[in-house]
Amino acid sequence: MVLVLGIESTAHTFGVGIATDDGAILANVNDTYTPPPGKGIHPREAAEHHVRVAPRLIEKALSTARVSLRDVDAVAFSQGPGLGPALRVGATVARALSVKFGKPLVPVHHGIAHVEIAKLVTELKDPLVVLISGGHTMVLAYSDGRYRVFGETLDITIGNCLDMFARELGFDMPGVPKIEELARKGRRYIPLPYTVIGQDLSYSGLLTRALQLVREGYPVEDVALSLVETAYYMLAEVTERALVSTGKRELLVTGGVARSKRLREIFNVVAEDYEVSLGFVTDELAGDNGAMIAFTGALAYRCGVTIPVEESYVRQRWRIDEVDVPWVEKILRGEIRFKFRKMY
Ligand code: AMP
Ligand code: MG
């Protein structure tokens, strides 16, 4: 068994988690930077936030887990993708701990961490994955050593699309739940650009048109309803085809937007129609968090994945299908086993 401390800092959240490769989460402490209403995340301000909270969060994670840095086997960090200045804070902290305590440094891909933590809590083994976080809108499936992409956005993510719409209407972040609440009061569906190209999705034209309708005086509730329904159905369509072409019998939805109530309803219908088992990441582990980096770091470290400090630069545009995930094969073969235990 290995014990790993993991650091998340790709965007708005600085997080510290402590986890083992057999599924125990010993600590998960996170602090999210909230931009002023109507504003997006400014990378430098997010980074300054992370610098401010980092020492306190590391101490809190260690005291919650009742371990010291001497007890951990490795230090993992979110190497990318994300906002450069924010990523560099997490990487710098991880390098410092690695050098000072003589612990190996483990690079973790943020998107893969969203997937692994969701597999842990749902106990799904080999699912088709719908990854919908602030930075990703992708349909993925494991094959031959990597997660392969079976559809993705060609421009902005589904979360960005709804967050930017929310911001233009003056709501503060997170935007998705606010737009969904507004959408529930909508009464009429207004046709909007539904852009599915092969297995890929485009959300920017949808956002532009929705904002135009608001300016033209259409009721915001109706526009919100139309936007949410269009955005989610586009994703459901691509997911259905990916289920057919991959033949996967499980469907997993993870990332910050996986908390969406309406999206859950739609994916419940998809799972029923295609007779696949459906799992959603839990709300607590849906958004960016340190626990997912620690757990994925523990799986990676068990397979010997480490990086020398001098090569540990951050990767702002790191694609998920460029990353080898040797632990997945071992999990499928039963050589790595785990059970989710929340220990804090
Ligand atoms: P992440 O980058 O994984 O933390 O995900 C951030 C995204 O999750 C943003 O687009 C948020 O608007 C969205 N989000 C946050 N809370 C919720 C919620 N309760 N329901 C749906 N989406 C949410
Ligand atoms: Mg994320």
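Indexing begins at 1, ligand by ligand and atom by atom, following the structure's order. Residue indices begin at 1 and follow the sequence shown.
- The distance criterion of under 3.5 Å between nitrogen or oxygen atoms is not met by Ser133 with respect to ligand 1.
- Considering both main-chain and side-chain atoms, Pro177 never comes within under 3.5 Å of ligand 1 through any nitrogen or oxygen pair.
- Judged by the shortest distance from any of its heavy atoms, His12 lies inside the 4.0 Å radius around the atoms of ligand 1.
- Proximity of His114 to ligand 1, defined as any heavy-atom pair under 4.0 Å, is confined to the side chain (atoms from C-beta onward).
- For atom 15 (C) of ligand 1, the closest non-hydrogen atom on the protein side is Arg259 NH2, 3.2 Å.
- Ligand 1 is never approached by Met173 to a heavy-atom distance shorter than 4.0 Å.
- Cation-pi contact between Arg262 and Tyr232: absent, since separation from the ring centre below 6.0 Å together with deviation from the ring axis within 45° is not met.
- Residue Gly287 has at least one heavy-atom neighbour below 4.0 Å for each of these atoms of ligand 1: 3 (O), 4 (O).
- The distance from ligand 1 to the heavy atoms of Gly159 drops below 4.0 Å at these ligand atoms: 10 (O).
- Between Arg241 and Glu237, at least one side-chain nitrogen of the basic residue sits less than 4.0 Å from a carboxylate oxygen of the acidic one, meeting the salt-bridge criterion.
- The residue among Gly82, Gly134, Gly15 with a heavy atom at the shortest distance from atom 6 (C) of ligand 1 is Gly134.
- Proximity to Ser260 (heavy-atom distance under 4.0 Å) selects the following atoms of ligand 1: 20 (N), 21 (C).
- Within 6.0 Å of CZ in Phe340 there are more than 12 heavy atoms belonging to other residues, nucleotides or ligands.
- Residues Tyr233 and Val269 fall into different hydrophobic clusters, defined by Ile, Leu, Val, Met, Phe, Trp and Tyr side chains chained together at heavy-atom separations under 4.5 Å.
- Phe267 and Phe280 have their aromatic ring centers separated by at least 6.0 angstrom.
- With Asp172 as the fixed residue, the salt bridge (Lys or Arg N to Asp or Glu O under 4.0 Å) test singles out one of Arg167, Lys178, Lys39: Lys178.
- Set against the non-hydrogen atoms of Gly175, the atoms of ligand 1 under 4.0 Å away are 12 (O).
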Audit row: Arg209, Gln212, side-chain hydrogen bond (donor to acceptor under 3.5 Å, both in side chains) steps and yes/no: CA-CA 5 Å; Arg209 183 66 189 134; Gln212 237 170 31; 2.6 Å; yes

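- Checked against a 3.5 angstrom limit, the closest N/O atoms of Gly135 and ligand 1 fall outside it.
- Looking at ligand 1, you'll find an N or O of Asp288 within less than 3.5 Å of one of its N or O atoms.
- Judged purely by atom type and a 3.5 angstrom limit, Arg341 uses its side chain to pair as donor or acceptor with the backbone of Asp22.
- Looking at Asp288, its N, O or S atom nearest to the Mg ion (ligand 2) turns out to be OD1.
- Annotation: atom 8 (O) of ligand 1 to nearest protein heavy atom, Gly256 C, 3.3 Å.
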Using the side-chain hydrogen bond (donor to acceptor under 3.5 Å, both in side chains) rule, take Ser260 and Glu180 through it: C-alpha gap first, then chi angles, then the decisive distance, then the call. CA-CA 8 Å; Ser260 156; Glu180 284 195 1; 2.4 Å; yes

Can you list the steps and then say if Asp288 with His114 is a side-chain hydrogen bond (donor to acceptor under 3.5 Å, both in side chains)? CA-CA 8 Å; Asp288 295 349; His114 274 298; 3.0 Å; yes

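- The aromatic rings of His109 and Trp318 sit tilted, their planes meeting at an angle between 30° and 60°.
- Here's the thing with Pro174: none of its N/O atoms is less than 3.5 angstrom from an N/O atom of ligand 1.
- At a threshold of 2.8 Å, the Mg ion (ligand 2) has a backbone or side-chain N, O or S atom of His114 nearer than that distance.
- The residue from Val176, Asp163, Ile132, Asn30 that puts a heavy atom closest to atom 21 (C) of ligand 1 is Val176.
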